[in-house]
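Scroll down for the structure; my scribbles are underneath it.
To find a chain, count down the sequence lines: A is the first, B the second, and so on, and within it residues start at 1.
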2 protein chains.
Amino acid sequence: MVERSAKRRDLTLDKVVEAALAILRTEDEAALTMRRVARDLGVTPMALYHHLPDKDALLNAAVDQVFLDAARAAAPQEMDWRDELSWFMSEVRDPLVASPGIGQVFVRQPVLGPGTALTTERMFRLLRAGGVTGDALAEAVDSITLLTIGSIANEISRPAEVRLQLPGFLEAPEVLPDHIDTYARRDGRARYLQALTWLMDGIETKAGISPNG
Amino acid sequence: MVERSAKRRDLTLDKVVEAALAILRTEDEAALTMRRVARDLGVTPMALYHHLPDKDALLNAAVDQVFLDAARAAAPQEMDWRDELSWFMSEVRDPLVASPGIGQVFVRQPVLGPGTALTTERMFRLLRAGGVTGDALAEAVDSITLLTIGSIANEISRPAEVRLQLPGFLEAPEVLPDHIDTYARRDGRARYLQALTWLMDGIETKAGISPNG
DNA sequence: ACCTGAACACCGTTCAAGT
DNA sequence: ACCTGAACACCGTTCAAGT
């Protein structure tokens with residue numbers, strides 16, 4: 001990570017973004033400071049500002065890159081559109097959960113660029129291929145987006161121990177204690193895919209489209 | 001807000017939490033600093049640490065209070081369980097969206113206390129009353145929780161202008177441009193309730209419970 | 001026990017200066 | 001044009017001291 005470049009004209013936007021990603025992939029968002037990125041690149045903090053307007057722009061560029069990689073992934077085989085949607089959404093969600101720093105940024109601030117644009121376009125294409133049309137198409141993509149953001153936020157910030165403590169705060173618990181183990185069990189990816197399945201079942205039923213579009 | 005208390009033994013945990021909430025209700029999360037809370041209370045920053053271990057604890061207490069208010073709200077009239085669930089989840093979601101500072105904290109860090117515990121318990125009771133049983137009960141509550149977190153995160157951090165810019169990043173857009181107006185339209189609450197309806201439709205269908213359980 | 005004051009180890013970013 | 005160095009206006013929190 002620590003490259004002693006330091007010569008003039010050696011620094012590029014790509015290098016700065018890569019250095020930021022390297023930090024976010026292994027450490028907390030708090031570890032990503034402009035001073036730290038500069039140090040890893042062997043440069044003064046202010047050198048970064050010649051390639052980027054501010055820290056937000058750096059975070060945006062780094063996280064969008066992760067979306068671009070996911071959005072370009074090719075499906076491993078021929079699939080039913082519902083299966084392909086589940087596969088694709090995992091492809092998007094997994095890297096954000098695997099690198100907490102990246103997920104933290106995504107949850108906190110808007111990410112706008114080729115990566116998020118292509119990801120959105122691909123979600124639209126998959127659902128349209130499934131027979132979702134009209135306003136329901138944009139609304140379905142919106143629903144899936146909300147669920148995905150929530151799943152990432154929840155998995156990153158809420159370890160199982162948090163939920164396990166919930167019953168202790170209740171004066172007259174009735175239902176929670178019996179179900180807290182199931183509720184707190186950490187299985188974020190499976191839970192997300194199940195919720196996605198339920199959501200798609202609801203969309204198919206009410207939008208009046210035939211299963212297997 | 002600026003009360004010149006400053007006398008000894010005047011400061012209490014409740015006052016500190018109230019001062020924090022007052023800031024979060026009208027300003028960004030960034031506005032909530034320990035120094036600012038202390039200033040609003042007419043006290044030294046270090047005085048706060050005699051009532052709280054650290055800033056996270058203060059944020060947790062403040063946001064949990066918002067959940068407690070929502071969890072204690074009484075339904076305005078007799079309702080179908082599905083309608084009551086929609087009403088209750090709005091009761092939870094709306095204050096977090098209306099006060100960006102509060103929503104920002106909730107999305108970023110776990111909130112644990114009487115408020116979140118009672119909110120969760122009440123979600124369990126409503127779904128059980130609807131006939132959802134076994135593991136599906138905890139899984140359904142989990143799904144709704146994810147959707148709710150995502151809806152709050154999305155509404156707080158992503159204004160409509162962000163989505164409207166997406167097509168501009170595509171080299172060969174096919175579907176997005178035709179649907180971007182619908183996709184970007186700001187109608188967060190209705191979108192959330194629709195996604196919740198779709199989710200519940202899917203849960204009812206696949207969990208094999210009768211409508212109006 | 002409760003609060004103050006000074007200090008530590010940080011931040012992002014502006015500004016003026018170097019080459 | 002590209003980078004450095006010093007400085008500004010902040011942070012959360014520790015530590016020692018007052019009453």
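Candidate nucleotides dC3(C), dA7(D), dA6(C) were compared by shortest atom distance to the side chain of Leu11(B), and dC3(C) ranks first. Taking the side chain of Met34(A) as heavy atoms from C-beta on, and the options dT4(C), dT13(D), dG12(C), the nearest nucleotide is dG12(C).
A salt bridge does not link Glu155(A) to Arg189(A): none of the charged nitrogens lies less than 4.0 Å from a carboxylate oxygen. Residues Asp178(B) and Arg128(A) are not paired through a salt bridge, judged by the lack of any N-O separation under 4.0 Å between the basic side chain and the carboxylate. Ion pair Arg125(B)/Glu84(B) not flagged as a salt bridge, since none of the NZ, NE, NH1 or NH2 atoms sits closer than 4.0 Å to an Asp/Glu carboxylate oxygen. Taking the charged nitrogens against the carboxylate oxygens, Asp181(A) and Arg163(A) have no contact shorter than 4.0 Å, which rules out a salt bridge. Salt-bridge formation is detected for the pair Asp201(B)/Arg82(B): a Lys NZ or Arg NE/NH1/NH2 atom is positioned less than 4.0 Å from an Asp or Glu carboxylate oxygen.
In terms of phosphate contacts, Thr33(A) brings a side-chain nitrogen or oxygen within less than 4.0 Å of OP1 or OP2 of dC11(C).
Residues in residues 50-75 of chain A take part in no salt bridge (Lys or Arg N to Asp or Glu O under 4.0 Å) pair, two or more places apart or across chains. Screening residues 89-114 of chain B for ring pair (Phe, Tyr, Trp, His ring centres under 6.0 Å), with sequence neighbours left out, gives Phe67(B)-Phe106(B).
A straight line from CG of Asp28(B) to C1' of dC11(D) spans 16 Å, rounded to a whole angstrom. Here the C1' atom of nucleotide dG12(C) and the CG atom of Leu32(A) are 12 Å apart, to the nearest Å. Distance Leu41(B) CG to dT4(C) P: 11 Å, rounded to the nearest Å. Rounded to whole angstrom, the span from the CG atom of Leu58(B) across to the C1' atom of dT13(D) amounts to 14 Å. In this structure, Arg35(B) places its CZ atom 14 Å from P of dT4(C), rounding to the nearest Å. One can place CG of Leu13(B) at 16 Å from C1' of dA1(C), the figure rounded to the nearest angstrom.
Annotated stems with DNA chain C as a participant read C:4-8 with D:12-16, C:12-16 with D:4-8, given as range with range, by first number; only runs of 3 or more Watson-Crick or G-U pairs under 3.5 Å qualify.
Within residues 47-56 of chain B, the residues approaching DNA chain D are Tyr49(B), Asp54(B), Lys55(B), by heavy-atom distance under 4.0 Å.
Base contact: Met46(A) has a heavy atom under 4.0 Å from a base atom.
With sequence neighbours excluded, no residue satisfies side-chain hydrogen bond (donor to acceptor under 3.5 Å, both in side chains) with Ser143(A). Taking Asp135(B) as the reference, Thr182(A), Arg185(A), Glu139(B) meet the side-chain contact (heavy atoms from CB on, under 4.5 Å) condition, with sequence neighbours excluded.
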